Amino acid sequence: MIDIALIRNDTDGVKAALKKRGCDADLNGILGLDAKRRDIIGRTETLKAEKNKVSADIPRLKKAGENVEPIFKRMRELGDQISANDEQLKTVEEQLRHELLCLPNLPDPDVVAGDKESNAVIKVWGKKPEFAFPIKNHVELCESLHLIDYERGVKLAGNGSWLYTDRGAVIEWALLNYFIKTHIKDGYTFILPPHMLNYECGLGAGQFPKFEDDVYRVETAEGGAARRFMLPTAETALVNIYRGEILQEKDLPKKLFAYTPCYRKEAGSYRAEERGMIRGHQFDKVEMVQVTTTDQSKAAFEELVGKACALVEGLGLHYRLSKLAAGDCSASMARTYDIEVWIPSMGIYKEVSSVSNANDYQARRNMTRYRTADGKIDYVHTLNGSGLATSRILPAIVEQYQNADGSVTVPEVLREFVGASLLL
RNA sequence: GGAGAAGUACCCAAGUGGCUCAAGGGGCUCCCCUGCUAAGGGAGUAGUUCGGUAACACGGAGCGCGGGUUCAAAUCCCGCCUUCUCCGCCA
């Protein structure tokens, strides 16, 4: 959520920043609601002050045997006006809050305007593997090596679902273990959160109210009160852990990571060329999150990018790192770097990690704050990064590590978990 | 899922309509006394949030959350959430 005071004081600056991501927001409408809100509050509070004052006198007057009827009459009038104002205020505040919740984050100053085509590759690691034989794509490899059962996955859950079988499951699990082991070694705290979250989590992370249709809803009871949704990423859970809390500066940064499957509708996104595990309704991901002070935020971002890169490098996969243009960053984020790994059969790079800094955007939505050493209160910054999405790494591994005989070499770092160096 | 009880500030806790715009205690902060320690005496202690201000001042909200009744609600009524105890079900 963008600070209303900033919108008020630097309307043009906010407008220009939003424009970078292609958002033409109606800030005048918001400013109008804001002015209206403060006007109502001002008038209502004057009435409330009078009411409190008069009310305090009543017991004394009553005791003295004075006629309090005229006072009751005045109190009734005040009460009526106050409740009328309060009702109006409630409407205005709901509208204003909704408008503010729908505004995307402001991109950082150094994030360039434009969409995907303005993304900038800032690092390339390794080289495209060259093959002296006709290569297979990951679907062929996973089928021939019996790592994945696509057909039965569809039988069980429909299009966009698959089963990891036998060594396929072992590899997937090995990847998760490799990531988890690394994060623990780096001093991050391992979290296994609930997969069904309440509405406030979606609101706080920034998925709601605008992107409610992208997640799976779970009705756990009749009516709406107990409604939950399946988390689309562990970030949604992790950035809400401290929701509504005031943390101590000395306890920051919080460095967390979680493993969860991610559940996404991906409505309309499923394309023929994204067969296999490139895009599914459920995929595994280890997610890193940092909750930091304002000052720690930049360094934390670099740290998360570095960690994500190190994991891919550890696997020996050729990848590139891109800094996304404003329009390609997701709505909650001020900056995002993507790690894209080379998929030989597709001849393109596919995202396996996305590292982002929300600055205080999520913290303002879910009221996560910290008290500084000198007693001031400020919003935390929240950052997140995949570390990593295994379900996209596995296709990259089998394709990049494939051999002429159809076997796949197991990356060094996974061998301790897989117990083999070659998949035949 | 059923029955019962509870939710008050950093913690414990009093409080069934106005002398409570929340008593008392603990803790914490400061002061006094005591050469150290123990003990004692005194003062302060509602965090937060919203409006307002250049900043103060000042004012509003706030007793789990949301409504309602009333001139007036921590207190009465309704809905919800959470916790505890017992029962049921269950990996």
Side-chain angles (χ1 to χ4, degrees), chain A residues 1-10 30-101 192-204 218-229 237 240-251 261 360 363-380:
Chain A
M1 201 154 66
I2 301 173
D3 185 3
I4 182 67
L6 185 67
I7 298 175
R8 208 186 290 147
N9 299 329
D10 185 17
I30 288 175
L31 288 172
L33 287 168
D34 175 52
K36 203 165 167 188
R37 167 175 180 271
R38 285 184 297 149
D39 173 57
I40 298 171
I41 288 174
R43 287 187 285 112
T44 309
E45 289 190 349
T46 310
L47 297 175
K48 284 183 178 172
E50 181 184 346
K51 190 175 133 184
N52 285 344
K53 216 170 181 178
V54 175
S55 181
D57 285 336
I58 290 180
R60 189 177 47 79
L61 295 172
K62 253 181 135 174
K63 222 178 215 169
E66 292 193 28
N67 178 16
V68 288
E69 250 332 296
I71 297 179
F72 281 4
K73 186 161 170 274
R74 175 62 183 153
M75 290 287 277
R76 255 189 297 268
E77 283 169 16
L78 285 170
D80 288 346
Q81 280 181 57
I82 289 168
S83 53
N85 285 3
D86 277 344
E87 209 158 304
Q88 206 188 350
L89 179 64
K90 204 174 139 192
T91 311
V92 171
E93 286 193 323
E94 267 167 18
Q95 284 173 5
L96 178 61
R97 181 165 166 80
H98 181 79
E99 294 289 327
L100 286 173
L101 285 173
L192 288 172
H195 297 185
M196 290 186 288
L197 304 176
N198 58 26
Y199 188 85
E200 285 71 26
C201 290
L203 205 68
V218 183
E219 306 292 336
T220 53
E222 302 202 11
R227 205 168 50 175
R228 304 276 186 274
F229 67 97
N240 275 287
I241 289 178
Y242 304 107
R243 182 200 322 146
E245 298 186 28
I246 298 176
L247 304 167
Q248 298 298 323
E249 180 169 17
K250 66 174 166 58
D251 296 328
D360 63 1
R364 282 183 184 278
R365 291 177 155 252
N366 65 19
M367 291 297 279
T368 310
R369 294 168 296 168
Y370 70 102
R371 194 183 302 277
T372 62
D374 55 352
K376 291 208 176 71
I377 286 178
D378 201 359
Y379 291 95
V380 299

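All values below were derived from every heavy atom in this structure, side-chain atoms included, with hydrogens, water molecules and symmetry-related copies excluded. Remember, predicted model here, so these are calculated numbers, not experimental data. The chains referred to below are lettered A, B, ... by the order of the sequence lines, with proteins before strands, and numbering in each begins at 1.
Across the protein-nucleic acid pair, A/Arg43 atom CZ and B/A61 atom P stand 17 Å apart, rounded to whole Å. Atom CD in A/Glu50 sits about 14 Å away from atom P in B/A72, given to the nearest Å. For the pair A/Arg364 CZ and B/U49 P, the computed distance is 12 Å after rounding to whole Å. Distance, A/Tyr199 OH to B/C65 C1': 18 Å, rounded to whole Å. Here B/C50 presents its P atom at 8 Å from CZ of A/Arg369, a figure rounded to the nearest Å.
Taking every side-chain heavy atom of A/Ala49 into account, B/G59 is the closest of B/G51, B/A61, B/G59. Of the candidates B/G51, B/G67, B/C71, the closest approach to any side-chain atom of A/Lys90 belongs to B/G67. With B/G47, B/C71, B/G60 as the choices, the nucleotide that has an atom nearest any side-chain atom of A/Asn52 turns out to be B/G60. Minimum atom distance to the side chain of A/Glu45 is reached by B/G60, of the listed B/U48, B/G52, B/G60. With B/U48, B/G52, B/C71 as the choices, the nucleotide that has an atom nearest any side-chain atom of A/Arg38 turns out to be B/G52.
Place A/Ile4 and A/Gly79 on RNA chain B by their nearest nucleotides, and A/Ile4 ends up nearer the 5' end.
Comparing B/U20 with B/C58, their C1' atoms are spaced 23 Å from each other, to the whole Å. Comparing the same atom, C1', in B/C32 and in B/A39 gives a spacing of 14 Å after rounding to whole Å.
Salt-bridge formation is detected for the pair A/Arg43/A/Asp39: a Lys NZ or Arg NE/NH1/NH2 atom is positioned less than 4.0 Å from an Asp or Glu carboxylate oxygen. Here A/Arg38 pairs with A/Asp34 in a salt bridge; the nearest charged N to carboxylate O distance falls below 4.0 Å.
Pair assignment for B/U75: none, as no Watson-Crick or G-U wobble contacts are both less than 3.5 Å. When both distances must be under 3.5 Å, the Watson-Crick or G-U wobble mate of B/C84 is B/G4. Summarising the base pairing, B/C28 is matched to B/G44 through a Watson-Crick or G-U wobble pair whose two defining distances lie under 3.5 Å.
The two atoms that bring A/Met196 and A/Arg228 nearest to each other are CB-CB, 4.1 Å, heavy atoms only.
Residue contacts shown for A/Ile41 are limited to sugar-phosphate atoms, with no base heavy atom under 4.0 Å away. Among the atoms of the strands shown, none is found under 4.0 Å from any heavy atom of A/Leu78.
The distance from the CD1 atom of A/Ile377 to the CD1 atom of A/Ile246 is 4.0 Å, given to the nearest 0.5 Å.
Other residues, nucleotides and ligands contribute at most 12 non-hydrogen atoms within 6.0 Å of the CD atom of A/Glu87.
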